[in-house]
Amino acid sequence: MSKTSQQNTTTDANGVSVIHSQAHTSGLQQVPQLVPVSPGGGGKAVPPSKQGKKNSFVDRNSDEYRQRRERNNMAVKKSRLKSKQKAQDTLQRVNQLKEENERLEAKIKLLTKELSVLKDLFLEHAHNIADNVQPVGTETTTTNPENNGQ
(Lines give C-alpha, C1' and ligand atoms only; values in the text may rest on other atoms or scores of the structure.)
Protein backbone atom coordinates (compact mmCIF):
# COMPACT_ATOMS: atom_id res chain seq x y z
CA MET A 1 0.00 0.00 0.00
CA SER A 2 1.62 3.20 -1.11
CA LYS A 3 0.78 6.57 0.34
CA THR A 4 1.27 9.74 -1.52
CA SER A 5 0.44 12.93 0.24
CA GLN A 6 0.43 16.54 -0.68
CA GLN A 7 1.08 19.33 1.85
CA ASN A 8 0.31 23.04 1.58
CA THR A 9 1.46 25.50 4.24
CA THR A 10 -0.25 28.83 4.85
CA THR A 11 0.18 31.46 7.54
CA ASP A 12 -2.90 33.08 9.07
CA ALA A 13 -3.27 36.58 10.59
CA ASN A 14 -2.08 35.45 14.03
CA GLY A 15 1.24 34.24 12.71
CA VAL A 16 0.29 30.54 12.95
CA SER A 17 1.26 28.21 10.15
CA VAL A 18 -1.44 25.81 9.06
CA ILE A 19 -0.32 22.68 7.26
CA HIS A 20 -2.95 21.16 4.98
CA SER A 21 -2.25 17.67 3.80
CA GLN A 22 -4.16 15.20 1.70
CA ALA A 23 -3.60 11.48 1.51
CA HIS A 24 -4.52 10.18 -1.91
CA THR A 25 -4.83 6.49 -1.07
CA SER A 26 -6.56 6.44 2.32
CA GLY A 27 -9.74 8.30 1.48
CA LEU A 28 -9.74 9.76 5.02
CA GLN A 29 -9.89 13.47 5.63
CA GLN A 30 -6.98 14.67 7.71
CA VAL A 31 -7.20 17.43 10.29
CA PRO A 32 -5.02 20.47 9.65
CA GLN A 33 -2.03 20.80 11.98
CA LEU A 34 -1.27 24.08 13.73
CA VAL A 35 2.40 24.90 13.89
CA PRO A 36 3.57 27.99 15.80
CA VAL A 37 5.70 30.43 13.87
CA SER A 38 8.36 31.99 16.05
CA PRO A 39 11.52 33.86 15.23
CA GLY A 40 13.63 31.26 17.08
CA GLY A 41 12.35 28.49 14.86
CA GLY A 42 10.60 26.41 17.50
CA GLY A 43 9.25 26.30 21.03
CA LYS A 44 5.86 27.11 22.46
CA ALA A 45 3.18 29.21 20.85
CA VAL A 46 2.47 32.35 22.85
CA PRO A 47 -1.20 33.08 23.65
CA PRO A 48 -2.50 36.33 22.17
CA SER A 49 -3.08 37.80 25.65
CA LYS A 50 0.62 37.57 26.48
CA GLN A 51 2.15 38.43 23.11
CA GLY A 52 2.09 42.18 23.73
CA LYS A 53 3.40 41.90 27.29
CA LYS A 54 6.37 39.76 26.39
CA ASN A 55 8.24 42.40 24.43
CA SER A 56 6.99 45.53 26.21
CA PHE A 57 9.46 47.27 28.50
CA VAL A 58 8.11 48.22 31.93
CA ASP A 59 9.50 51.31 33.57
CA ARG A 60 10.15 50.49 37.21
CA ASN A 61 9.59 54.11 38.18
CA SER A 62 6.13 54.36 36.62
CA ASP A 63 2.94 54.64 38.65
CA GLU A 64 1.47 51.60 36.89
CA TYR A 65 4.44 49.46 37.90
CA ARG A 66 4.27 50.66 41.50
CA GLN A 67 0.54 49.95 41.66
CA ARG A 68 1.00 46.46 40.27
CA ARG A 69 3.84 45.77 42.70
CA GLU A 70 1.74 47.08 45.61
CA ARG A 71 -1.22 44.89 44.62
CA ASN A 72 1.09 41.91 44.25
CA ASN A 73 2.71 42.55 47.64
CA MET A 74 -0.73 42.78 49.27
CA ALA A 75 -1.79 39.54 47.60
CA VAL A 76 1.38 37.80 48.78
CA LYS A 77 0.86 39.03 52.36
CA LYS A 78 -2.76 37.90 52.29
CA SER A 79 -1.79 34.49 50.91
CA ARG A 80 0.93 34.01 53.53
CA LEU A 81 -1.39 35.05 56.37
CA LYS A 82 -4.04 32.66 55.10
CA SER A 83 -1.50 29.85 54.91
CA LYS A 84 -0.20 30.62 58.41
CA GLN A 85 -3.76 30.70 59.81
CA LYS A 86 -4.56 27.38 58.16
CA ALA A 87 -1.43 25.82 59.70
CA GLN A 88 -2.39 27.16 63.14
CA ASP A 89 -5.94 25.83 62.77
CA THR A 90 -4.59 22.43 61.77
CA LEU A 91 -2.22 22.36 64.75
CA GLN A 92 -5.05 23.33 67.10
CA ARG A 93 -7.26 20.57 65.67
CA VAL A 94 -4.43 18.03 66.07
CA ASN A 95 -4.05 18.99 69.74
CA GLN A 96 -7.81 18.69 70.32
CA LEU A 97 -7.86 15.26 68.72
CA LYS A 98 -4.88 14.12 70.82
CA GLU A 99 -6.65 15.21 74.02
CA GLU A 100 -9.85 13.49 72.95
CA ASN A 101 -7.89 10.34 72.12
CA GLU A 102 -6.28 10.32 75.58
CA ARG A 103 -9.70 10.72 77.24
CA LEU A 104 -11.14 7.90 75.17
CA GLU A 105 -8.21 5.60 75.95
CA ALA A 106 -8.65 6.28 79.69
CA LYS A 107 -12.37 5.51 79.34
CA ILE A 108 -11.52 2.25 77.55
CA LYS A 109 -9.24 1.22 80.43
CA LEU A 110 -11.93 2.04 83.00
CA LEU A 111 -14.63 0.15 81.09
CA THR A 112 -12.30 -2.82 80.60
CA LYS A 113 -11.68 -3.00 84.36
CA GLU A 114 -15.40 -2.71 85.04
CA LEU A 115 -16.14 -5.48 82.54
CA SER A 116 -13.54 -7.71 84.18
CA VAL A 117 -15.06 -7.16 87.64
CA LEU A 118 -18.57 -7.85 86.35
CA LYS A 119 -17.40 -11.02 84.58
CA ASP A 120 -15.79 -12.26 87.78
CA LEU A 121 -18.98 -11.54 89.76
CA PHE A 122 -21.10 -13.29 87.15
CA LEU A 123 -18.83 -16.36 87.06
CA GLU A 124 -18.75 -16.54 90.87
CA HIS A 125 -22.55 -16.28 91.02
CA ALA A 126 -22.95 -18.92 88.28
CA HIS A 127 -20.54 -21.24 90.12
CA ASN A 128 -22.46 -20.84 93.39
CA ILE A 129 -25.75 -21.63 91.66
CA ALA A 130 -24.22 -24.70 90.02
CA ASP A 131 -22.96 -25.96 93.41
CA ASN A 132 -26.44 -25.63 95.00
CA VAL A 133 -28.32 -27.42 92.20
CA GLN A 134 -28.49 -31.20 92.51
CA PRO A 135 -28.38 -33.41 89.47
CA VAL A 136 -31.84 -34.40 88.13
CA GLY A 137 -31.64 -38.18 88.75
CA THR A 138 -30.33 -38.03 92.34
CA GLU A 139 -33.22 -36.87 94.54
CA THR A 140 -32.80 -37.57 98.24
CA THR A 141 -35.65 -38.82 100.39
CA THR A 142 -34.27 -37.36 103.56
CA THR A 143 -35.42 -33.92 104.52
CA ASN A 144 -32.91 -31.26 105.31
CA PRO A 145 -33.83 -29.48 108.57
CA GLU A 146 -32.27 -26.23 107.36
CA ASN A 147 -34.54 -25.97 104.30
CA ASN A 148 -37.88 -26.74 106.03
CA GLY A 149 -38.83 -23.12 106.54
CA GLN A 150 -38.04 -22.06 103.05
Side-chain angles (χ1 to χ4, degrees), residues 1-136 146-147 149-150:
M1 175 165 96
S2 68
K3 266 190 180 178
T4 56
S5 64
Q6 182 180 7
Q7 291 186 347
N8 295 328
T9 305
T10 59
T11 304
D12 67 1
N14 292 328
V16 176
S17 291
V18 179
I19 299 174
H20 301 279
S21 62
Q22 295 176 335
H24 293 288
T25 59
S26 69
L28 298 175
Q29 182 180 3
Q30 292 186 352
V31 178
Q33 299 173 351
L34 297 178
V35 179
V37 175
S38 62
K44 297 181 181 178
V46 180
S49 63
K50 296 201 177 194
Q51 283 179 348
K53 293 181 182 179
K54 185 176 180 182
N55 295 330
S56 65
F57 177 74
V58 178
D59 182 17
R60 292 185 180 220
N61 295 326
S62 70
D63 289 337
E64 179 189 355
Y65 177 79
R66 287 185 187 149
Q67 288 174 352
R68 280 193 285 156
R69 291 302 318 145
E70 187 66 29
R71 279 199 317 261
N72 181 261
N73 290 341
M74 297 284 275
V76 167
K77 284 180 185 178
K78 184 178 177 182
S79 175
R80 288 178 182 161
L81 284 174
K82 186 177 178 182
S83 176
K84 191 175 184 179
Q85 183 64 43
K86 186 175 179 182
Q88 288 176 348
D89 292 346
T90 302
L91 184 62
Q92 183 179 1
R93 179 74 174 139
V94 166
N95 289 333
Q96 288 174 347
L97 290 173
K98 282 182 180 179
E99 290 174 6
E100 183 180 2
N101 192 34
E102 289 173 3
R103 283 194 308 271
L104 291 172
E105 285 178 359
K107 189 173 184 177
I108 288 171
K109 285 182 182 179
L110 179 67
L111 290 173
T112 304
K113 281 184 180 180
E114 187 177 339
L115 177 64
S116 178
V117 169
L118 291 173
K119 271 186 183 178
D120 290 344
L121 286 174
F122 175 76
L123 292 174
E124 184 181 331
H125 180 69
H127 186 338
N128 287 340
I129 290 175
D131 286 346
N132 290 334
V133 175
Q134 296 178 355
V136 175
E146 295 174 359
N147 291 336
Q150 293 179 350

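From R66, atom CZ reaches atom CD of E70 across 11.0 Å, with rounding to the nearest 0.5 Å. Rounding to the nearest 0.5 angstrom, the gap separating the CD atom in E114 from the CG atom in L118 is 5.5 Å. Atom CG of residue L104 and atom CG of residue N101 lie 6.5 Å apart, to the nearest 0.5 angstrom.
In this view, N73 and R69 satisfy the side chain to side chain contact (heavy atoms under 4.5 Å, CB included) rule, not counting sequence neighbours. Scanning for side chain to side chain contact (heavy atoms under 4.5 Å, CB included) contacts around D120 gives S116, with sequence neighbours left out. Not counting sequence neighbours, the partners of Q96 by the side chain to side chain contact (heavy atoms under 4.5 Å, CB included) test are Q92, R93. Residues satisfying the side-chain hydrogen bond (donor to acceptor under 3.5 Å, both in side chains) test with H127, not counting sequence neighbours, are D131. Taking the side chain to side chain contact (heavy atoms under 4.5 Å, CB included) definition, one finds that T112 meets it with I108, sequence neighbours left out.
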>> Applying side-chain contact (heavy atoms from CB on, under 4.5 Å) to L91 and N95, what does each step give before you reach the verdict?
In response: CA-CA 6 Å; L91 184 62; N95 289 333; 4.1 Å; yes
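Residue pairs satisfying the side chain to side chain donor-acceptor pair (under 3.5 Å) criterion with at least one member in residues 80-89, sequence neighbours excluded, are listed as follows: Q85-D89.
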